Amino acid sequence: MRKEILKLIENNSKLSVEDIAIMIGATKEAVEAEIAAMEADKVICGYTTLINWDKVDNDIVMALIEVKVTPQRGDGFDEIAKKIHRFDEVDTVYLMSGGYDLTVIVNGHSMKEVAGFVSRKLATMDYVESTSTHFLLKKYKEHGISLEEVHEDERMLITP
Amino acid sequence: MRNPLSEKVIDIKPSGIRKFFDLVSEMKDVISLGVGEPDFDTPWHIREEGMYSLEKGRTFYTSNSGLKELREEVCKYLKRRFELDYDYKTESMITIGGSEAIDLALRAMLNPGDEVIIPMPCYVSYEPCVTLADGVPVIVNLKEENEFKLTKKELLNAITDKTKILIMPFPNNPTGGIMKREELKELVDVIIEKDIFVISDEIYAELTYGDDHVSIASFPGMKERTVLINGFSKAYAMTGWRLGYACAPEIIMKQMIKIHQFAIMCAPTTSQYAAVEALRKGDKDVERMRVAYDQRRRFLMERFKQMGIECFEPFGAFYVFPNIKKFGMTSDEFATKLLENQRVAVVPGTAFGECGEGFIRISYAYSIENLRKALDRVQAFIDDLEKQRV
């Protein structure tokens, strides 16, 4: 049941508990209890809305920063990753395999602001060896959802 | 000038769906629940494979019976999913949709006057195809209380000395009815004893909810008397690619391929390459779509329950077939009024046989949001009807 619920709300967090229960053939109470348990376990970490900010506010600038760090004895990358993720400017932090260590996605109101954050805060942190900043130009798809394509039903209205 | 037309063709009634289609297409802002095809696009990796075959210049004919790779994959798939053993070299062919295969099988097997048992309600093409092949359709009216399954008794009553073929349309369009192993077993005994053949249209085989589909051809003694028909339209959301297949004993298959060779040549090559990809890499797509259909099915059943509309629970295809007899209207009247008053298009049950009277076919090949909107309108329509009655 857990996976069935998660798959449903992964793509549509607006589904009501009643609808979920009907769709997976469970009782409303059971679904409610399962969701509450998953919230408590941090399986469900939050409910966000996928917004195409380009359509509302062009002031938002997003950058993907490749960060190389020196891992620390005992903590590996965790301690430095946690320090980085506390900044409000930071949207996402991932530990990577390959040519660099952390992917840090940063939001700002201008390129200047983002550049300032990187040069003053991020690059100067202890154990950060180097940063490489890439500004996002356009989003096409996020969280499995196309931000551009409108899918119209072009099927004939009645077919056998 | 002489009459240019064939009397046989003139006598065939136009499809009941056509009439309703014309009515719907004149209206604006219609929400349709009348579509007999998936709402999903063909999975991208399958489309991409089709495009790649075009890029590679694979724009030639294939052999009459279809690409060797595809027939091999079809037979592997049938083995893996339904315990069927077919030799791809002599017992399989690729057709233009399941519909062509139905026509071929009937034409290859019927002599004038042979009777073909057709359980109804069913897909619209069996009856005219039987007539065109000089056969005589014998209709069995399936009953709601039997969940629109064919019973042994009904079959026995329909069999005469002239019976040659039984058409098995399960999982069923329009009722959503399925037949389970033990229910099929009862029929198998009769079929073998009476020495009749079966054309089993299993195009919705991947879309069953609960138990897996069982093919009638998998029973001992049945493969040699069954033409199995399936295709890519429903399972892989590939309706527009027009691709199906048939598997049958060599003696029947040879003659089917002969007709296909002269009438069609071969199924579209691009579609065939895409279908190879579908069978090799498409299991997850099928599963994903089946789960979504099942959720919508439950959603619809619950809404009908809340509305107080009787509806037997269908376990196959993507249709529900609610009973609307209590509103005192014919299927046609009900569907027409629903369309005029609330702009929701459904298909009257009578489009699928006279015994569909008193029922409407509702498709759930739509998103939940769409179904919700449409059913809110159906609810409003029914509330109005109830008020008028009081």
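Only heavy atoms go into these numbers, but all of them, side chains included; no hydrogens, no water, no symmetry mates. What you are looking at is a predicted structure, and each value in this text was computed from that prediction instead of being measured. Numbers restart at 1 for each chain; the letters A, B, ... are given by sequence-line order, proteins then strands.
- Salt-bridge check for B/K305 with B/E302: passed, with a basic side-chain N closer than 4.0 Å to an acidic carboxylate O.
- For B/V35, the parts sitting under 4.5 Å from any heavy atom of chain A are the backbone and the side chain alike.
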I would like to know whether B/R297 and B/D294 meet salt bridge (Lys or Arg N to Asp or Glu O under 4.0 Å); could you show each step before the answer? CA-CA 5 Å; B/R297 184 183 70 91; B/D294 194 16; 2.9 Å; yes
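- Taking 4.0 Å as the cut-off between side-chain N and carboxylate O, B/R372 and A/D19 count as a salt-bridged pair.
- Neither the backbone nor the side chain of B/L33 comes within less than 4.5 Å of any heavy atom of chain A.
- Residue B/Y209: no heavy atom, backbone or side chain, is found under 4.5 Å from chain A.
- At a 4.5 Å heavy-atom cutoff, the contact between B/R361 and chain A is made by side-chain atoms alone.
- Here the CG atom belonging to A/N11 is positioned 6.0 Å from the CD1 atom belonging to A/I145, to the nearest 0.5 angstrom.
- Only the side chain of B/Y123 comes within contact range of chain A, with heavy atoms under 4.5 Å apart.
- Both cation-pi conditions hold for A/R155 and B/Y366: the charged atom is under 6.0 angstrom from the six-membered ring centre and inside a 45 degree cone around its axis.
- Each of B/D41, B/N173, B/V346 has some count of heavy-atom pairs under 4.5 Å with chain A, and the biggest count is that of B/D41.
- Proximity to chain B is limited to the side chain of A/L15, based on heavy atoms less than 4.5 angstrom apart.
- In this structure a side-chain-to-backbone donor-acceptor pair under 3.5 Å is present from B/R298 to A/M23.
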